[in-house]
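Not measured: the values here are computed from a predicted model. Values below: every heavy atom of this structure, side chains too, minus hydrogens, waters and symmetry copies.
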Amino acid sequence: MKNVHELFSELDDWKAYKPASMMSSIAKSNHISRLEREIKKRIDIEDYKDYILSKEGNRSLER
């Protein structure tokens with residue numbers, strides 16, 4: 001099983017990948033979606049609650 005750091009690295013690689021065909025483009029989208037779901041499952045929201053709330057507060061100040 002990959003750790004979160006490895007999943008993020010793989011996600012970055014897939015986002016940088018330039019597909020050469022429609023099937024490759026579909027595969028890229030599927031891989032990105034799968035990696036994002038896996039990362040979300042592994043992250044405990046309570047550990048990052050303060051950070052998320054501070055980012056949300058910053059967004060409301062920018063508007």
Review item, side-chain donor-acceptor pairs of residues 39-46, under 3.5 Å, at least two apart:
unit_1: R42; atom_1: NE; unit_2: E38; atom_2: OE2; d: 2.9
unit_1: R42; atom_1: NH1; unit_2: K2; atom_2: O; d: 2.5
unit_1: R42; atom_1: NH2; unit_2: K2; atom_2: O; d: 2.9
unit_1: R42; atom_1: NH2; unit_2: E38; atom_2: OE2; d: 3.1
unit_1: D44; atom_1: OD1; unit_2: E46; atom_2: N; d: 3.3

*What pairs with Y17 under ring-ring contact (aromatic ring centres under 6.0 Å, His included), at least two apart in sequence or on another chain?*
W14

_Pairs touching residues 21-31 that satisfy side-chain hydrogen bond (donor to acceptor under 3.5 Å, both in side chains), sequence neighbours left out_ = S21-S24

*Non-neighbouring partners of N3 that pass side-chain contact (heavy atoms from CB on, under 4.5 Å), sequence neighbours left out*: H5, E6

*asked:* Side-chain heavy atoms nearer than 4.5 Å, only ILVMFWY residues, links allowed to pass through others: does that put F8 and I52 together?
replied: yes

